[in-house]
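Input: a single structure, listed below in structure tokens.
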Amino acid sequence: MRKWLKIALLDLLLLLLIGMEYHCAETKMVQNRDVEAEIDTFGEGTVSQTTPKKIALTFDDGPSAIYTTRLLDGLRKRGVHATFFLLGEKVEQYPDIVRTMYEDGHLIGNHTYSHMQLTSANMDRFEEELRKTDEAVYAITGEHTEYVRPPYGIWNKRYEEDLNMLPVLWNVDPKDWCTPDAGTVITRITEHAEENAIILLHDCYASSVEAALRVVDILQAQGYEFVTVDELIME
Ligand code: NI
């Protein structure tokens, strides 16, 4: 074969490969509502390459006696894992709920012992609260809390080295604690939901639990996959 022909054929092959690569990249961005169309056009092989958009539900201030149990039941039914930032004092109060939460595969994080707000005057006590909460969780699950939701979002980097804990903030805040209306909470979440978002909720209100479960149904139908925050942070 002539040399120029060989080069031309190689170039053509390369172009084809690049074309396929582009196609895959585009396919990955296809949202779930288009998946039906994808099945018709490209067959199952292409669908399996579609990466769902990841999103995380996080719940602070629990566990709470009634609502956390209701939430865990609903999440289990939907096969969804969430992240719970627990208060140490409530962990000691409801160890069975924490055990169920852990066994169900949820990620358990630290929200201090008594919902302490960090100030320049209480840095050591804040650290103690993080340790105490970690110990309370460890006694139940055998695992340390690696992630912290600092109350009011106030944090100091020194704890990352001292305690080997990472702060996790949020980017969707429906302010669920100031409305008893689940519909309002749902709208505030779905309007701001996006890939890799971290949603802040509290599992101590009936309306928040109801909203969370309905949000799961709505966003799953839009192609979202609910993951624990470590899956978003590690990327
Ligand atoms: Ni809180």
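This one's a predicted model, so the numbers in the text were calculated from it and none came from an experiment. Whatever order the structure lists ligands and atoms in, that order sets their numbers, starting from 1.
- Glu146 meets the side chain to side chain donor-acceptor pair (under 3.5 Å) test with no other residue; sequence neighbours excluded.
- No hydrogens or angles considered: nothing links the side chains of Glu128 and Tyr113 as a donor-acceptor pair under 3.5 Å.
- Of all protein atoms, those of element N, O or S that lie under 2.8 Å from the Ni ion (ligand 1) number 3.
- Taking Asp60 as the reference, Arg149 meet the salt bridge (Lys or Arg N to Asp or Glu O under 4.0 Å) condition, with sequence neighbours excluded.
- Asp181 and Thr179 share no side-chain donor-acceptor pair at under 3.5 Å.
- A centroid separation of 6.0 Å or more is found between the aromatic rings of His202 and Phe85.
- In this structure, Arg188 has no side chain to side chain donor-acceptor pair (under 3.5 Å) partners at least two apart in sequence or on a different chain.
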